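Every chain is numbered from 1 and lettered A, B, ... according to where its sequence line falls, protein lines coming before strand lines. Since we're looking at a predicted model, the values are computed, not measured. What's counted below: heavy atoms across the whole structure, side chains too, no hydrogens, waters or symmetry copies.
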Amino acid sequence: MKIARTLHDALAQAARADAGYWFVAPSNADNAGSHVYRSYADLRERSLRVASALRGAGVRTGDLVALVLPDAEQFLTALFGASFAGATPASLYPPVTVADVPRYVELTGSILRAAAARAVVTTPALATEFESARSSCPDLMFVLSFDALDAPPLHDVPPCSLDAIAFVQFTSGSTSAPKGVALSHRNVAANVDAINGPAGLGTGADDVAVSWLPLNHDMGFVGMALGPLYSTRPGVLLTPQAFVKRPVEWLRAITRYRGTISFAPNFAYDLCVRRVKDRDLDGLDLSSWRIAGCGAEPIHGPTLAAFAEKFAPVGFHSSSFLPCYGLAEHVLAATLPRRGRPTRTNVVSADALTSQRIAVPANGCDRAMTLVACGTALPDHQLRIVDNDGRDVADRHVGEIVLAGPSVMLGYYRQPALTADAIRDGWLHTGDLGYVDGGELFVCGRSKDVIIANGRKYHPQDLEWAVDDLAGARRGRSVAFAVSEAGRPDRVVVVVESSGTSASEALTTAVRRRVGDLFGLYVDEVAIVPSGTVARTTSGKVQRALTRERYQQLVESGFSCD
Amino acid sequence: MPEPASDALVDGVIDVLKNVSRRPIEPALDSDLVADLGFDSLQVLEVIAELEDRFDISIPLNDVPSTRTVAQVVEQVAALVSERSNAR
């Protein structure tokens, strides 16, 4: 096992190597395309300048500094800068669109307030908007534009403990209890070193990481930005927009830089299968790509098979696939399979899996489900599958995945109750369901009510909050949930109690528009229901599970909604 | 002064929208991309890429957020197409 080190030490070590990041912007209408190289030494120098400017602005040791920066280079520089200044950097999602920035700022403001953020570092345009959030965030002293953060490099970097918070990653903006995953330097080093280590990717001197993932996402930041930095190898970073607009840009970057390691959620492989045109295959060479990681959302075997088939003629090896399981609360990775082997699958009966919670091989008459093996726990980490009472279940029996070891987060930032619920006796309760077969984890669902779309987790509370103030909706009576079916993307459902003041059609449109503007998500079904339909507890909180059950009964009985 | 969009251009835009959508849709000029046609933020970028290929134009991403309806897409494409032909 490698000796644990802080973010500061890792960057100092990387700065002595001849490596760094390539920031790639493909050509489009907005610019002619660029490939900007920043050595790790350069990144360190710039971060020390930002650190000095933050200190000069009044940021003090231990302050939470929220980063709302869509640009990868700015984000990394600000994150290291805040860390060198002795502050705690926190990453927040930038707005998905600029269609409803005031509501975005309100949502983000609730995170800043709960986290007692002292400063927010953002773009000049958003800085103006965040000024308006200050009145509701008493701790927020500084709204800073990244462009203005420049001063002679900081020399007296405060000492940094391995057990201090390295950074906080906010995954949810729900108004009541925002979830910011707080990770120590020790956590980060344990996970990144295990991923890069011999039992993981076996990262070596010839490796080049290529990624288009957003950096406010664990796989993008920890996996594809810190991963190469901690192993002093180059990292090539594209923008998520460039990839989504033209998925072939990802594969072109791998070709151009002889990329060897690249991770992405299932949907990215699917986008490549559907959208990379045959004529675009000319000029691609994916033969260098030895680790094609797949995680962050349910993995669909047929997607990987279709990708391997389509790109085999340009050198892709199907044995490069590395389906894995992980979550931000465990830094990034929880399990990895042995590299360089064919993807292992289980074909099981879907009915037995849901009704008896056992994975039995499908026979001819069952509805079959193909599940992908995600490997074993990282070295020095443990994994168990437990029932509702916390008892271990037998192999092939479905239960909650729980994890222990040096990657388990410190906790949710300033949320002791949520933390105590997630980490019990040292075991992180993931809320995900799985079983073990042949020593390997198969993930088959989730017990928490998160909605997963395009590799990102959405918390139903956030969607509910987003639609709460729409005209015609009763306050506090909206429920959002996902209807999941194996092998298909989640269907997003929002149930809204009508106050009777707006036409259902107008309210339906307003719900879709609001959720689209704030989260970039399409609501598959909006159910406008009469007063009193949404189940609530005696204390007035909505009962999501019960509402979902009632909704599904209604749908089965033929009730139609839009 | 933007020229009125030709029928061929309208048909072309509607064809792109139908191809990108993963469900059967019947776009009309006043259809809202998100609320009526069900495009999420990923698919909007996909629509842009397909429109660029079909009409040989470059759509600046800055203009995208203000685009809500099919009519606005048509108008924007028409303006870029006429800009392109004027430049030649």
Side-chain angles (χ1 to χ4, degrees), chain A residues 25-32 95-101 125 239-249 265 267-268 270-271 274-277 279-280 453-456 458 488-489 491-492 505-526 562, chain B residues 15-73 76-84 86-87:
Chain A
S27 60
N28 57 42
D30 305 317
N31 61 56
V96 178
T97 70
V98 295
D100 199 348
V101 173
T239 68
Q241 292 77 11
F243 164 72
V244 175
K245 189 174 166 194
R246 293 190 190 276
V248 71
E249 295 293 348
F267 89 90
D270 183 50
L271 275 189
R274 288 191 293 107
R275 292 191 41 214
V276 174
K277 297 176 177 140
R279 63 166 190 269
D280 290 331
N454 303 328
R456 184 176 157 187
Y458 297 85
R488 308 186 61 119
R491 290 179 63 74
V492 182
E505 210 171 82
L507 185 52
T508 299
T509 300
V511 166
R512 288 210 166 111
R513 187 168 277 174
R514 180 56 77 61
V515 173
D517 286 348
L518 278 179
F519 304 103
L521 267 185
Y522 178 68
V523 180
D524 294 279
E525 291 183 33
V526 181
D562 192 14
Chain B
D15 195 42
V16 164
L17 295 173
K18 284 182 165 181
N19 288 341
V20 171
S21 174
R22 262 151 253 166
R23 69 195 109 214
I25 53 167
E26 286 303 328
L29 281 175
D30 63 348
S31 305
D32 184 294
L33 294 179
V34 174
D36 299 327
L37 303 180
F39 289 106
D40 63 18
S41 54
L42 257 60
Q43 286 173 305
V44 169
L45 287 168
E46 185 175 342
V47 168
I48 291 166
E50 293 297 321
L51 290 171
E52 289 185 346
D53 290 353
R54 177 175 298 223
F55 296 103
D56 188 23
I57 50 174
S58 279
I59 300 177
L61 284 179
N62 302 346
D63 296 354
V64 173
S66 52
T67 307
R68 285 262 184 222
T69 63
V70 175
Q72 287 168 338
V73 176
Q76 198 184 9
V77 170
L80 290 166
V81 167
S82 95
E83 214 172 275
R84 186 203 60 204
N86 291 344

Exercise. Is it true that B/D32 and A/R512 make a salt bridge, defined as a side-chain N closer than 4.0 Å to a carboxylate O?
Worked result: no
For this session: Against chain A, label B/Q43 side chain, backbone, both or neither, depending on which of its atoms sit under 4.5 Å from a heavy atom there.
Result: neither
For this session: Could you tell me which of B/L33, B/L42, B/V34 has the largest number of non-hydrogen atom pairs under 4.5 Å with chain A?
Result: B/L42
For this session: Would you mind telling me which of A/D517, A/V515, A/L271, A/V511 has the largest number of heavy-atom pairs within less than 4.5 Å of chain B?
Result: A/D517
For this session: Look at B/D36, B/I57, B/V47, B/D53 and state which one has the largest set of heavy-atom pairs under 4.5 Å with chain A.
Result: B/D53
For this session: State the OH-CG distance between A/Y522 and B/L37, to the nearest 0.5 angstrom.
Result: 8.5 Å
For this session: Tell me the residues of residues 16-25 of chain B whose non-hydrogen atoms fall below 4.5 Å from those of chain A, in number order.
Result: B/R22, B/R23
Seminar exercise, completed: Which of B/I48, B/V44, B/I59 passes side chain to side chain contact (heavy atoms under 4.5 Å, CB included) with A/K245? Answer is B/I48
Exercise. At their closest point, which heavy atom of B/D40 faces which heavy atom of A/G520, and how far apart are they?
Worked result: CB-O, 3.2 Å
